[in-house]
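Since the structure comes first, as structure tokens, the remarks are kept for the end.
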Amino acid sequence: MTSFQSPIGTHDVLAPQSALWEGLVATFAQYAYRFGFTLILTPMFEEVGVFNRGIGEGSEVATKEMYVFQDRGDRTYALRPEGTASVVRAFVQHQPTTPYKGWYVTPAFRYERPQAGRYRQHHQLGVEALGSDDPALDVEVIALAWRFFQALGLTRVRLLINSMGHDECRSRYVDVLRGHLEEHRAQLCDEHTVTWSHNPLRVLDCKREPCIAVTDDGPSLPDFLCADCATHLARVRHGLDQLGIDHVLAPRLVRGFDYYTRTTFEFVADALGNAQNAIGGGGRYDGLTERLGGKPTSGIGFGSGIERLLLAREAEGVTSNLIKRSIDVFIVDTSGQDVATVLADDLRAAGFAVERGFGERSMKSQMKSADRSGARVALLIGPQEVAADQITMRDLRSDDFEQAQQRVTRENIVGALRGHLEK
RNA sequence: GUGGGCGUAGCUCAGUUGGUUAGAGCGCCAGGUUGUGGUCCUGGAGGUCGCGGGUUCGACCCCCGUCGCUCACCCCA
């Protein structure tokens, strides 16, 4: 019989790696709550229009990378390629009181060729805050991300920030940019000599020398902001300065989704040496609720890729665990399994993480399992202990047989164990 | 979608110009007398050499195809 393996671009995560995921998500949840966000769960698939209208039909993700499928009722759905559109759809549907602040953790799906830091199923955590256009909210969202990265132990992270303006500022800029590109279209890279007029902003994002040269001495987006948008950007930057969050203005930062207005930002991990070094990003999307059929409501959010965060930690050599995931006690029972069964239940009820030997294995063999389990203490139960209604408590970190080991009565074991582990 | 590298035991890898029963380390299991892990010693289990064709007296090795992994371009988390 042939076996199966995980689909292209997907991965199974087992221990001990999975403990890093647990710790990372728990850390994010903790910070999200500190900042006043509550958890939101939305379906992993949506009507395809949620994403087409949300992130923009012309975007790379919507046109080439979505997992679209028909269900048995002939409805057209798509697995979500990012987090924001679903949350905003839910916001429009349920109309919670504002300001609404939700955090999420979710798989995201994009049909692409996998490579370092890029997968067909990856995982994002993020927040969305709707109902206020106060730049102080932008600052909070960015600060949450920043503090979270710090908590993960990341130090080599740069924050790039820009403003897309609102519709009018942006279209004025795009017009001028288009003119500039037309004038210099012959000097653009091979791809953009053909496609520059379709979406001029994309050219800013191009990493090839010719396009960089052309756009470098072209119009700069921040110069085209209206007074309100310019003030907004300035106040966001002022807030970041107040918090000591270093950032640089990145006039060519436009990002891949069409919904952004005003503030956009991206976190780059310099420890990641490849092209997939963006560990998070986001921005303000003041027109998105309307595009999804709701009332005008301003919003801002950010998303971050779990796989990339873990890669960045690894690249920086951060080894902290984030969460404890080891067992406290291993029960070795050579008198049959009855004592172990009840003792394990008692200890678990008392809050200990308990593992035990299974099968009629020798004490030596079970001790070996105890050692490998990482438990600090082994509890030994053999015929002698059963006869005396006692348990032998052995500290596995010690190599001194006499000191490491003591007999405890069955009824005192919880207290003795607690006392020992707290030492 | 395009291109480079790679697929041998659970893991990391050897495998000479194609030549008998395919190896190592780690891991796993069991022993090293009378109930005790981590070091040491001994033994053992475990592989359709990714899969399918082809060349050859003979293929892990050569050729073709295919699947997968990986890296890069593009784009993004």
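The figures that follow rest on heavy atoms only: side chains count, while hydrogens, waters and symmetry mates do not. Predicted model only: the values in this text are computed from it and were never measured. Chain A is the first sequence line, chain B the second, and so forth, proteins listed ahead of strands; every chain is numbered from 1.
Rounded to whole Å, the separation between the C1' atoms of B/rG25 and B/rA72 comes to 33 Å. The same atom, P, is picked in B/rG52 and in B/rA59; the two are 14 Å apart, to the nearest Å. For the P atoms, the distance from B/rC64 to B/rU70 is 25 Å, rounded to whole Å. The same atom, P, is picked in B/rC69 and in B/rC11; the two are 15 Å apart, to the nearest Å. Going from the P atom of B/rC71 to that of B/rG54 covers 35 Å, rounded to whole Å. Here, B/rG47 and B/rA22 have their P atoms 12 Å apart, quoted to the whole Å.
No hydrogens or angles considered: nothing links the side chains of A/T264 and A/R284 as a donor-acceptor pair under 3.5 Å.
A/H122 qualifies as a stacking partner of the B/rA77 base, centre to centre under 5.5 Å and near-parallel within 30°.
Contact of A/Q405 with B/rU36 (side chain to base): a donor-acceptor pair of N or O atoms is detected under 3.5 Å. A donor and an acceptor atom sit less than 3.5 Å apart, one in the side chain of A/R118 and one in the base of B/rC74. In terms of polar N and O atoms assigned as donor or acceptor, the side chain of A/R372 never comes within less than 3.5 Å of the base of B/rG38 in a complementary pairing. Side-chain N/O atoms of A/E112 and base N/O atoms of B/rG1 include no donor-acceptor pair closer than 3.5 Å. Judged by atom type and distance alone, A/E65 does not reach the base of B/rC75 through any side-chain donor-acceptor pair under 3.5 Å. Counting atom types as modelled, A/D371 pairs a side-chain N or O with a base atom of B/rG37 as donor and acceptor under 3.5 Å.
Residue A/S365 has no polar side-chain atom (N or O) positioned under 4.0 Å from OP1 or OP2 of B/rC29. Phosphate contact (OP1/OP2 of B/rU36, side-chain N/O of A/K364, threshold under 4.0 Å): absent.
Of the listed nucleotides (B/rG38, B/rA77, B/rG35), B/rG35 has the atom at the smallest distance from the side chain of A/L380. With B/rG37, B/rA77, B/rA72 as the candidates, the nucleotide lying closest to the side chain of A/A116 is B/rA72. For A/Q115, the listed nucleotide lying nearest its side chain is B/rC71; candidates were B/rU36, B/rC71, B/rA77.
Remark: B/rG3 base-pairs with B/rC71; criterion is Watson-Crick or G-U wobble with both hydrogen-bond distances under 3.5 Å. Nucleotide B/rG38 forms no Watson-Crick or G-U wobble pair with any nucleotide shown, as no partner meets the under 3.5 Å limit on both distances. Within the shown strands, nothing qualifies as a pairing partner of B/rG46 under the Watson-Crick or G-U definition with both distances less than 3.5 Å. Across all strands shown, B/rG10 forms a Watson-Crick or G-U wobble pair, both distances under 3.5 Å, with B/rC26. The partner of B/rC62 is B/rG54, by the rule that a Watson-Crick or G-U pair needs both atom distances under 3.5 Å.
Checked against A/Q276 for a side chain to side chain donor-acceptor pair (under 3.5 Å), the options A/R118, A/R308, A/Q115 give a single hit: A/Q115.
When the C1' atom of B/rG37 is taken as reference, atom CZ of A/R394 falls 7 Å away, rounded to whole Å. The CG atom of A/N277 sits 12 Å away from the P atom of B/rC74 (whole-angstrom rounding). Atom-to-atom, CG of A/L396 to P of B/rU39 comes out at 13 Å; the value is rounded to the nearest Å. Rounded to whole Å, atom C1' of B/rG37 lies 14 Å from atom CG of A/L379.
With respect to A/R410 and A/D346, a salt bridge is recorded, a charged nitrogen being found less than 4.0 Å from a carboxylate O.
Sequence order on RNA chain B of the closest nucleotides to A/Y111 and A/R255 puts A/Y111 first from the 5' end. For A/H11 and A/H123, each mapped to the nucleotide of RNA chain B holding its nearest heavy atom, the one lying further toward the 5' end belongs to A/H11.
Within 6.0 Å of atom CD in A/E47, 12 or fewer heavy atoms from other residues, nucleotides or ligands are found, so the atom counts as exposed in its surroundings. The number of heavy atoms from other shown groups lying within 6.0 Å of CD (A/E314) does not exceed 12. Atom CG of A/N412 has more than 12 heavy atoms from other residues, nucleotides or ligands within 6.0 Å. Crowding of A/D175 atom CG: a count of heavy atoms from other residues, nucleotides or ligands under 6.0 Å exceeding 12.
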Strictly under 3.5 Å: I want the nitrogen or oxygen pairs between protein and nucleotides 3-7 of chain B, one per line.
residue : atom : partner : partner atom : Å
B/rG3   : O6   : A/R113  : NH2          : 3.3

Please tabulate, one pair per line, each protein N/O and nucleotide N/O from nucleotides 66-68 of chain B that are separated by under 3.5 Å, including the distance.
none

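In summary, the aromatic rings of A/F35 and A/F37 are positioned with their centroids too far apart to meet the 6.0 Å limit. Aromatic pair A/Y111/A/Y67: ring centres closer than 6.0 Å.
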Take A/R120 and A/E112 through the salt bridge (Lys or Arg N to Asp or Glu O under 4.0 Å) test and state the conclusion after the steps.
CA-CA 6 Å; A/R120 290 191 173 178; A/E112 311 176 87; over 6 Å; no
Given the rule in the salt bridge (Lys or Arg N to Asp or Glu O under 4.0 Å) test, do A/R158 and A/D270 qualify, once you have shown the distances and angles that lead to the verdict?
CA-CA 7 Å; A/R158 273 183 301 127; A/D270 286 328; 2.9 Å; yes
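The shortest side-chain heavy-atom distance between A/Y173 and A/M164 does not fall under the 4.5 Å cut-off.
In this structure, A/F330 reaches neither bases nor backbone, as no heavy-atom distance under 4.0 Å exists between it and the strands shown.
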